[in-house]
There are 2 protein chains.
Amino acid sequence: MEAAYASRSSAREMVYRSLRHDILHLILKPGTKMSEQEVSERFHVSRTPVREVFVRLFQDGLVEVYPQRGTYVSLINLANVDEGRFAREVLEMAVVQDACGHLTRDDIINLESNLAQQEICHDNQSYLQMLSLDDRFHAALFRICGRERTWQMISQLNNDFFRLRVLRLSHHHDWDRIIAQHRAILDAVKENKPDTAAQTMQEHLRMVIVERKRLLQEFPDYFAQP
Amino acid sequence: MEAAYASRSSAREMVYRSLRHDILHLILKPGTKMSEQEVSERFHVSRTPVREVFVRLFQDGLVEVYPQRGTYVSLINLANVDEGRFAREVLEMAVVQDACGHLTRDDIINLESNLAQQEICHDNQSYLQMLSLDDRFHAALFRICGRERTWQMISQLNNDFFRLRVLRLSHHHDWDRIIAQHRAILDAVKENKPDTAAQTMQEHLRMVIVERKRLLQEFPDYFAQP
DNA sequence: CCTTCTAGACTACCATGGTAGTATACTGTA
DNA sequence: TACAGTATACTACCATGGTAGTCTAGAAGG
């Protein structure tokens, strides 16, 4: 058996990836109506694969389907954000402590290189690249501990958290603290200080709690009522 | 806006729930072939909703789709089991520590009642009920801490872990330790001993690691090669 | 002007037919 | 017997037509 379904470039897969990307990056804004008809015309495919994409997006929590009424990009649910953040906090504190033990030479080079690129981003103000680097920084810590799948799992469940990060990074360019915290985490891991590393990670992941209020005021119609 | 898609009883939803249940409870054994045709005839619906159900099951990791070749119930992936177990361990240790603080009278009644029913199950040897009670016991701890969604999230990702538990509970009726550990956890929480509670929870969730080897030998064709 | 009712234009849902690609069983050949 | 080539019966994939349910704009009545 060779390549499975996911890796194939079917019409369904193309549409799914495109819509998923656009929703996560807020190109399709929360609350936007999406009809089978419209999407199928836009991508020049029939309605069947579009329906199947909607099923997948619904499974991801990215759209809400109201039968005979319409399909809408789901609003950002702050309760989901908070629980996703909690899961990340607990898991990443454990992971970063574990990483203190086995950090290879290559790992250090990789993480240092990532941080250097973050600095460059800070000058460029390229938030898309910053987002990607941030993800890769955290993913690397999981990979070091042999917990790559765990990262993938919580990533899947943190779609709302992701959208909040997009909103934050794209509208407020106060990335100094973020980068400083990444630096502090890396240093603590390198110096084999698990407690400091965990502490800093916790602080890092709790930043969003404060930012939340500001974003809620600034973009009230992006969020679901709690 | 009222009820959303998920709660409706469409053909798709019926078929999805039925197949999902059968796969998770090993009624449909890992590796079994499932064709659109066959399933659509069995449920007396057309192939379109069946296709959409396959998409959802694929998203859940419960089936693998090989285009133009067939759709198969996915084998149990032990790497997935282990990472899911790790996530549960870390999260549940945090949750059970947190639960020590705020345990209401109703919570105690609920959990004690659950444990009493587990004892009854132990006599009846009803593994399906035992499975359900076990899930509800752990879910209750999350709910107490206001982390119900977190439980739902990790449940979604622990399908392989779930199937391993089904295998274990249905074929080996050594439930004494499981029930005893639940009792120990509850007691520790009641007596406000967070460290003991966390420790016992860790031990509890690590039991499956040992069982794994036995099950792998007993049902080799249920598992994917690592 | 405000409310009630109705006709029409949507929506997602499901059935069905056709297509390209894959696996397999069979046939012909050495 | 062993093997190569081919026909056939599958598979999932996609296009399209019809249907019941929902929303909305405009007419009718107060």
Side-chain angles (χ1 to χ4, degrees), chain A residues 1-20 23 28-75 221, chain B residues 1-20 23 28-75 221:
Chain A
M1 305 237 180
E2 309 103 54
Y5 163 100
S7 58
R8 247 181 113 251
S9 68
S10 57
R12 183 162 75 202
E13 198 60 29
M14 303 280 279
V15 175
Y16 172 69
R17 289 191 186 166
S18 179
L19 288 181
R20 179 184 164 81
I23 292 172
L28 285 167
K29 305 201 185 309
T32 306
K33 182 165 190 173
M34 304 167 61
S35 82
E36 286 182 10
Q37 191 83 36
E38 175 208 339
V39 173
S40 67
E41 283 168 9
R42 178 179 151 202
F43 286 95
H44 302 100
V45 295
S46 80
R47 280 161 16 239
T48 302
V50 172
R51 276 174 54 67
E52 293 167 5
V53 166
F54 281 12
V55 169
R56 290 184 72 179
L57 293 173
F58 167 74
Q59 197 93 328
D60 290 335
L62 292 176
V63 302
E64 302 202 359
V65 182
Y66 300 93
Q68 276 69 44
R69 277 182 286 180
T71 299
Y72 299 83
V73 177
S74 67
L75 299 173
D221 45 346
Chain B
M1 303 238 181
E2 308 104 54
Y5 163 98
S7 59
R8 248 183 112 249
S9 68
S10 57
R12 182 162 74 201
E13 197 60 28
M14 303 280 278
V15 175
Y16 172 68
R17 289 192 187 166
S18 179
L19 288 182
R20 179 183 164 82
I23 293 173
L28 285 167
K29 306 203 184 308
T32 306
K33 182 165 190 172
M34 303 167 63
S35 81
E36 286 182 10
Q37 191 83 34
E38 175 206 339
V39 174
S40 67
E41 283 168 11
R42 178 178 151 203
F43 287 94
H44 302 99
V45 295
S46 78
R47 281 158 18 235
T48 301
V50 172
R51 274 175 54 67
E52 293 167 5
V53 166
F54 281 12
V55 169
R56 290 184 72 178
L57 293 173
F58 168 75
Q59 197 92 331
D60 290 334
L62 292 175
V63 303
E64 301 203 359
V65 182
Y66 300 94
Q68 276 70 46
R69 274 182 289 179
T71 300
Y72 299 83
V73 177
S74 66
L75 298 173
D221 46 346

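Everything numeric here is computed off the predicted structure, so don't read it as measured data. So you know, we letter chains A, B, ... as the sequences are listed, proteins then strands, and number each from 1.
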Q: Round to a whole Å and report the spacing from CD of Q68(A) to P of dC23(D).
A: 10 Å

Q: Report yes or no: does T32(A) contribute a side-chain atom to a donor-acceptor pair with the main-chain N or O of L28(A) at less than 3.5 Å?
A: no

Q: Expressed in angstrom and rounded to an integer, what is the separation of Y66(B) atom OH from dC13(D) atom C1'?
A: 18 Å

Q: Please identify each residue that fulfils side-chain hydrogen bond (donor to acceptor under 3.5 Å, both in side chains) with Q37(A), with sequence neighbours left out.
A: E41(A)

Q: Quick one: CZ on R20(A) to CG on D60(A), what's the gap to the nearest 0.5 Å?
A: 5.0 Å

Q: Round to the nearest Å and state the distance from Y72(B) atom OH to dC10(D) atom P.
A: 14 Å

Q: Where do N or O atoms of nucleotides 15-17 of chain C meet protein N or O atoms at under 3.5 Å, pair by pair?
A:
unit_1, atom_1, unit_2, atom_2, d
dA15(C), OP2, S46(B), N, 2.4
dA15(C), OP2, S46(B), OG, 2.5
dA15(C), O5', S46(B), OG, 3.4
dA15(C), N7, T48(B), OG1, 3.1
dT16(C), O4, T48(B), OG1, 2.9
dG17(C), O6, R47(B), NH2, 2.8

Q: Quick one: is T71(A) getting a side-chain N or O under 4.0 Å of the dA12(C) phosphate, OP1 or OP2?
A: yes

Q: Rounding to a whole Å, what distance do you find between E36(B):CD and dA9(D):P?
A: 20 Å

Q: Between dC14(C) atom C1' and E13(B) atom CD, what is the distance in whole Å?
A: 15 Å

Q: Can you tell me how far C1' of dA12(D) sits from CZ of F58(B), to the nearest Å?
A: 13 Å

Q: Taking C-beta and beyond as the side chain, do E64(A) and T71(A) meet within less than 4.5 Å on heavy atoms?
A: no

Q: dC23(D), OP1 or OP2 - any side-chain N/O from R69(A) closer than 4.0 Å?
A: yes

Q: For the side chain to side chain contact (heavy atoms under 4.5 Å, CB included) test, which of L62(B), L57(B), V73(B) pairs with L19(B)?
A: L57(B)

Q: Atom CZ of F43(B) and atom P of dC13(C): how far apart are they, to the nearest Å?
A: 19 Å

Q: Are R17(A) and E13(A) within salt-bridge range, i.e. N to O under 4.0 Å?
A: yes

Q: Just the rounded figure in Å: distance from P of dC14(C) to CZ of R51(B).
A: 14 Å

